[in-house]
Amino acid sequence: MATDRKIKSAALLSDVKSLGFTEYEAKAYLALIESSPATAYDISNRSGVPRPNTYSALKALAARGAVMPISENPSRYVPQPPDQLFSAIASQTRQLCDTISERLSDIAETPGEQYVWNLRGETEVHGKVADMIAGAERAIWFKGEPSTLRVHAKRLRAAAVDRGVRLMVILYGQDTEEFRYTSACEVYIHEATGVPMGFADNLFTVAVDHREMLTANLEETMVAAHAENRAVVKMALSLLRHDYYMAEIFRVFKDEIDAEFGEHLRDLRKRTHTPEQYEALRQKTGI
């Protein structure tokens, strides 16, 4: 338990420091969170911050509104509640980022659409997907598992219901009704089985308004590529469009297709996969 607590305290300290607090300021604030009101002497003893540095840390914390003195002789301090403090920091940071972004946009040379941007980590990847959905005006094409779609369910529903955006989903799953927010929403089961068949651990692909795309894979962490490059977007649209074709063809002719090529297009895939890829597919599907 003591070890777990120490690890958690170290992680907390690191997180608070990442928001611009010095190490002494972070330690003093965390000491106050654990027990307050407290004097500088109390805080120094609990946090391990040297006494002279504790005074300067408390002065800096008070200046930024993180702590407040409530008495004199001796001075005793209380912390601003974490939800209020970090909400204020988030708001200030957001405003500052918006201001800097606007100023830089005025002087920056537009990079154009030729680049493919790499994104890493769930927060960054899903943040970009959220921005894409929020900016959609005509169409959103989304291929993925229900768990991924649920992350963006409210945004997808708002796009379809409130803005009339056409939503087409290629689903790695079976429940087509979950994401059919309006009669104009089209949901298709991938290859009639809902089983992901790729061997590159593709998680999901999104295309918006035929102008931008994002595709995400799982390696050690989630990684994704985002592009507005016309050639790349056309390639993504073509793949999604053919997934739609396949879903409908399988829906109508699955028995005949299985009889001709084997379940999950076994015979076709065997010819085009490497032995390692085919073995991974075989283990996944049992073909």
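Since the structure is predicted, the reported quantities are computational estimates derived from the model, not experimental observations. Quick note: residue numbers are just sequence positions, from 1.
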With a 4.5 Å cut-off on side-chain heavy atoms, are [Y] and [X] touching?
{"X": "I189", "Y": "Q174", "result": "yes"}
{"X": "M246", "Y": "L265", "result": "yes"}
{"X": "V195", "Y": "E191", "result": "no"}
{"X": "F21", "Y": "I89", "result": "yes"}
{"X": "Y24", "Y": "S47", "result": "no"}
{"X": "T93", "Y": "F86", "result": "no"}
{"X": "P146", "Y": "D175", "result": "no"}
{"X": "V233", "Y": "R211", "result": "no"}

What pairs meet the salt bridge (charged side-chain N to carboxylate O under 4.0 Å, His left out) rule with one or both residues in [range], with sequence neighbours excluded?
{"range": "residues 62-76", "result": "E25-R64"}
{"range": "residues 270-282", "result": "E279-R282"}
{"range": "residues 118-129", "result": "none"}
{"range": "residues 152-165", "result": "none"}

Tell me the ring-ring contact (aromatic ring centres under 6.0 Å, His included) pairs involving residues 209-240, sequence neighbours left out?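 ring-ring contact (aromatic ring centres under 6.0 Å, His included) check on residues 209-240 returns W141-H210.
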
Kindly state each residue pair satisfying ring-ring contact (aromatic ring centres under 6.0 Å, His included) with at least one member in residues 60-84, sequence neighbours excluded.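 Not a single pair qualifies under ring-ring contact (aromatic ring centres under 6.0 Å, His included).
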
What pairs with [X] under side chain to side chain donor-acceptor pair (under 3.5 Å), at least two apart in sequence or on another chain?
{"X": "R94", "answer": "D98"}
{"X": "E178", "answer": "R150"}
{"X": "R138", "answer": "none"}
{"X": "Y188", "answer": "E186"}

Measuring from [X]:[atom1] to [Y]:[atom2], what's the distance to the nearest 0.5 Å?
{"X": "I170", "Y": "L239", "atom1": "CD1", "atom2": "CG", "answer": "11.5 Å"}
{"X": "K143", "Y": "H190", "atom1": "NZ", "atom2": "NE2", "answer": "5.0 Å"}
{"X": "F204", "Y": "T148", "atom1": "CZ", "atom2": "OG1", "answer": "6.0 Å"}
{"X": "L149", "Y": "L167", "atom1": "CG", "atom2": "CG", "answer": "8.0 Å"}
{"X": "Q92", "Y": "S87", "atom1": "CD", "atom2": "OG", "answer": "9.5 Å"}
{"X": "M168", "Y": "C185", "atom1": "CE", "atom2": "SG", "answer": "12.0 Å"}

Return a table of donor-acceptor pairs under 3.5 angstrom between the side chains of residues 50-59 and protein atoms on other chains or two or more places apart.
residue : atom : partner : partner atom : Å
T54     : OG1  : V49     : O            : 3.2
T54     : OG1  : P50     : O            : 3.0
S56     : OG   : N53     : O            : 2.9

Verdict with reasoning, L119 to L214, per side chain to side chain contact (heavy atoms under 4.5 Å, CB included): CA-CA 10 Å; L119 308 170; L214 180 147; 3.6 Å; yes

Quick one: does any side-chain atom of [X] pair with a main-chain N or O of [Y] as donor and acceptor, under 3.5 Å?
{"X": "N229", "Y": "A231", "value": "yes"}
{"X": "E137", "Y": "V165", "value": "no"}
{"X": "T99", "Y": "Q95", "value": "yes"}
{"X": "S238", "Y": "M235", "value": "no"}
{"X": "R46", "Y": "S35", "value": "yes"}
{"X": "Q84", "Y": "P81", "value": "no"}
{"X": "D42", "Y": "T39", "value": "yes"}

Clusters formed by hydrophobic residues whose side-chain heavy atoms approach within less than 4.5 Å: which one holds V78, and what are its other members?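 Via sub-4.5 Å side-chain contacts, V78 links to M68, I70.
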
Kindly give the heavy-atom pair with the smallest separation between [X] and [Y], and that separation in Å.
{"X": "E145", "Y": "Y172", "answer": "CG-CB, 3.7 Å"}
{"X": "V223", "Y": "V125", "answer": "C-CG2, 4.5 Å"}
{"X": "P79", "Y": "Y29", "answer": "CB-CE1, 3.7 Å"}
{"X": "V116", "Y": "A225", "answer": "CG1-CB, 3.7 Å"}
{"X": "F250", "Y": "A192", "answer": "CB-CB, 3.5 Å"}
{"X": "A28", "Y": "L61", "answer": "CB-CD1, 3.9 Å"}

Quick check on the hydrophobic clustering: are V161 and V187 connected, directly or via other members, by side-chain heavy-atom contacts under 4.5 Å?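 Yes; V187 is reachable from V161 via cluster members.
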
Verify same cluster id: Y181, V151 (apolar side-chain graph, 4.5 Å):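 As far as the 4.5 Å side-chain criterion goes, V151 and Y181 are not connected within one cluster.
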
Would you call E263 and R266 a salt bridge, taking side-chain N to carboxylate O under 4.0 Å as the test?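 No, no charged N to carboxylate O under 4.0 Å.
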
Considering residues, nucleotides and ligands other than K254, do more than 12 of their heavy atoms fall under 6.0 Å from its NZ?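 Count over threshold, so yes.
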
Geometric class of the Y115/W117 ring pair [parallel <30°, tilted 30-60°, perpendicular >60°]: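 Rings of W117 and Y115: tilted, as their planes differ by 30° to 60°.
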
So H152 and H126, would you call those rings parallel, tilted or perpendicular, with 30° and 60° as cut-offs?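 Plane angle between 30° and 60°, so tilted.
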
